[in-house]
Structure formats: C-alpha cells, structure tokens
Amino acid sequence: MTPEARARKCADVMFAQDAASAGLGMRIDEVTPGGAVLSMSVRADMLNGHGICHGGFIFSLADSAFAFACNSYNQTTVAQQNQITYLSPGQPEERLTATAREVSRSGRSGIYDVTVTGEDGRTLALFRGLSRTIKGQLFSEEEPT
C-alpha cells in the first residue's frame with residue numbers, strides 16, 4: 001500500500017466513525033501522509049452573539065484537520081495539547097478551510113500546524129497541535145493468507 005493510499009484509507013475509516021465532524025458538515029477535501037485539508041460552511045446555528053462564527057467551531061474544524069493529518073500513518077494518534085490564535089472572524093454562510101501540515105514527527109510525538117482560511121483567502125486562525133501515538137491501528141494491514 002502506498003503512503004497516499006494508506007492516508008486516504010485512514011481518513012475514510014476515521015470519518016465513518018466521526019459523528020462530530022460529520023454533524024458540523026465538515027468535508028475532507030484532501031489527505032496526504034502528514035497532511036489534511038478539511039472545509040466547513042458557517043451555518044446560522046454556529047454564530048455567536050456578535051453574528052460571527054463562534055470560535056469553538058473554528059477550533060473544531062482545525063482540530064479535525066489536525067486529527068486526520070496525524071492519523072494518516074495508520075497508527076492511532078491522539079491530541080496531547082492544542083492552541084489557537086484567532087486573527088479574523090468567520091462570516092455567516094462562509095466556507096472555511098483548515099489546512100494541516102506536519103512540522104515534526106519523532107517517536108510517539110508530533111507537531112502539526114493548521115491554518116484556517118476564509119473564502120477570500122484571509123487567515124482566520126493559526127492552530128498548533130501536539131500529538132501522541134498510542135497503541136493500535138485504524139485498520140489491519142496484514143495480507144490475507
């Protein structure tokens with residue numbers, strides 16, 4: 001199995017069980033080894049009291065992109081720590097895109113940066129996620145005998 005095929009299968013297996021991302025209307029636009037691009041439209045029920053996208057939904061989109069990127073090697077990986085900096089608000093009905101890329105992966109630890117952008121290309125948020133690989137795989141890669 002190629003690294004690209006492994007990353008795609010990992011994303012398919014994870015997304016089939018990810019009620020949170022699916023429920024928020026997220027879509028996986030791209031997945032590569034160590035990377036992922038997810039998008040989501042800002043719905044009316046995602047707006048805060050200022051009429052802009054609630055930061056928790058932006059964080060969720062970034063966190064999901066991080067999850068698909070760090071699980072692209074078929075090793076069960078979880079978040080150890082995350083932080084986000086908001087730079088611009090998400091607007092009603094706008095499609096947001098989160099692009100995750102691997103910065104470092106060594107042993108059981110990884111560092112991933114995610115940039116969340118709006119439809120016009122402006123940066124809404126910068127997210128950094130630290131990952132930890134734990135026991136298990138998303139699917140078996142053993143060849144049938």
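We find the SG-CZ distance between C70 and R132 to be 12.5 Å, quoted to the nearest 0.5 Å. Here the straight-line distance linking atom OG1 of T97 with atom CD of E119 works out to 8.0 Å at 0.5 Å rounding. Atom NE2 of H54 is separated from atom CG of D45 by 12.0 Å, given to the nearest 0.5 angstrom. With rounding to the nearest 0.5 angstrom, the CD atom of E102 is 4.0 Å from the OH atom of Y112.
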Item to check | side-chain contact (heavy atoms from CB on, under 4.5 Å) between T123 and T115, intermediate numbers included | outcome: CA-CA 7 Å; T123 300; T115 302; 3.9 Å; yes

Checklist entry - Would S64 and S21 satisfy side chain to side chain donor-acceptor pair (under 3.5 Å), going step by step from the backbone distance to the final call? => result CA-CA 7 Å; S64 289; S21 296; 2.8 Å; yes

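Residues K9 and M1 have side chains in contact (heavy-atom distance under 4.5 Å, counting atoms from C-beta outward). With contacts defined as side-chain heavy-atom distances shorter than 4.5 Å, the pair L38/L61 qualifies. Inter-residue side-chain proximity for I58 and F127 is flagged as unmet; no heavy-atom pair is nearer than 4.5 Å. Using a 4.5 Å cut-off on side-chain heavy atoms (C-beta onward), R8 and I28 make contact. When side chains are defined from C-beta on, R6 counts as touching F139, because their heavy atoms get closer than 4.5 Å. Here the side chains of Q137 and C10 are not in contact, with every heavy-atom distance at 4.5 Å or above. P89 has its side chain out of reach of L124: every pair of non-hydrogen atoms, C-beta onward, lies at least 4.5 Å apart.
Of all the heavy atoms in R43 and G23, the pair that sits closest is NH1-O, 3.1 Å. Pairing each heavy atom of G51 with each of P92, the nearest pair is O-CG, 3.5 Å. Of all heavy-atom pairs spanning A11 and F68, the tightest one is O-CE2, 3.5 Å. Heavy atoms only, all atoms of each residue included: Q91 and V42 are closest at O-CB, 3.3 Å. Counting all heavy atoms, side chain and backbone alike, L138 lies closest to N74 at N-OD1, 2.8 Å. Here the closest heavy-atom approach between residue C53 and residue L47 is recorded as N-CD2, 3.9 Å.
Within the cation-pi definition used here (under 6.0 Å to the ring centroid, within 45° of the axis), R105 qualifies as a partner of Y73.
I111 and L126 are assigned to two separate hydrophobic clusters, defined by single-linkage of ILVMFWY side chains at heavy-atom distances under 4.5 Å. No path of Ile, Leu, Val, Met, Phe, Trp and Tyr side chains, each step under 4.5 Å between heavy atoms, connects M40 with V37, placing them in separate hydrophobic clusters. L24 is connected to F66 through a chain of hydrophobic side-chain contacts under 4.5 Å among Ile, Leu, Val, Met, Phe, Trp and Tyr, so both are in one cluster. Linking Ile, Leu, Val, Met, Phe, Trp and Tyr residues whenever their side-chain heavy atoms come within less than 4.5 Å leaves L130 and V116 in two separate clusters.
R108 contributes a side-chain N or O that, together with a main-chain N or O of T133, makes up a donor-acceptor pair within less than 3.5 Å. Checking side-chain atoms of H50 against main-chain N and O of I52 turns up no donor-acceptor pair under 3.5 Å. Of the possible donor and acceptor atoms, one in the side chain of T76 sits under 3.5 Å from a partner among the backbone N and O of G136. Here the side chain of S72 pairs a donor or acceptor atom with the backbone of G34 at under 3.5 angstrom. Here the side chain of Y86 pairs a donor or acceptor atom with the backbone of G55 at under 3.5 angstrom. Counting only distance, with no hydrogens or angles, the side chain of D18 and the backbone of M14 share no donor-acceptor pair below 3.5 Å. Between the side chain of D113 and the backbone N or O of R128, no donor-acceptor pair lies under 3.5 Å.
Checked by atom type, the side-chain pair T77/S131 shows no donor-acceptor distance below 3.5 Å.
Using a 4.0 Å cut-off between charged nitrogen and carboxylate oxygen, R122 and E94 count as a salt-bridge pair.
The 12-atom threshold is not exceeded at CD of E93, counting heavy atoms of other residues, nucleotides or ligands nearer than 6.0 Å.
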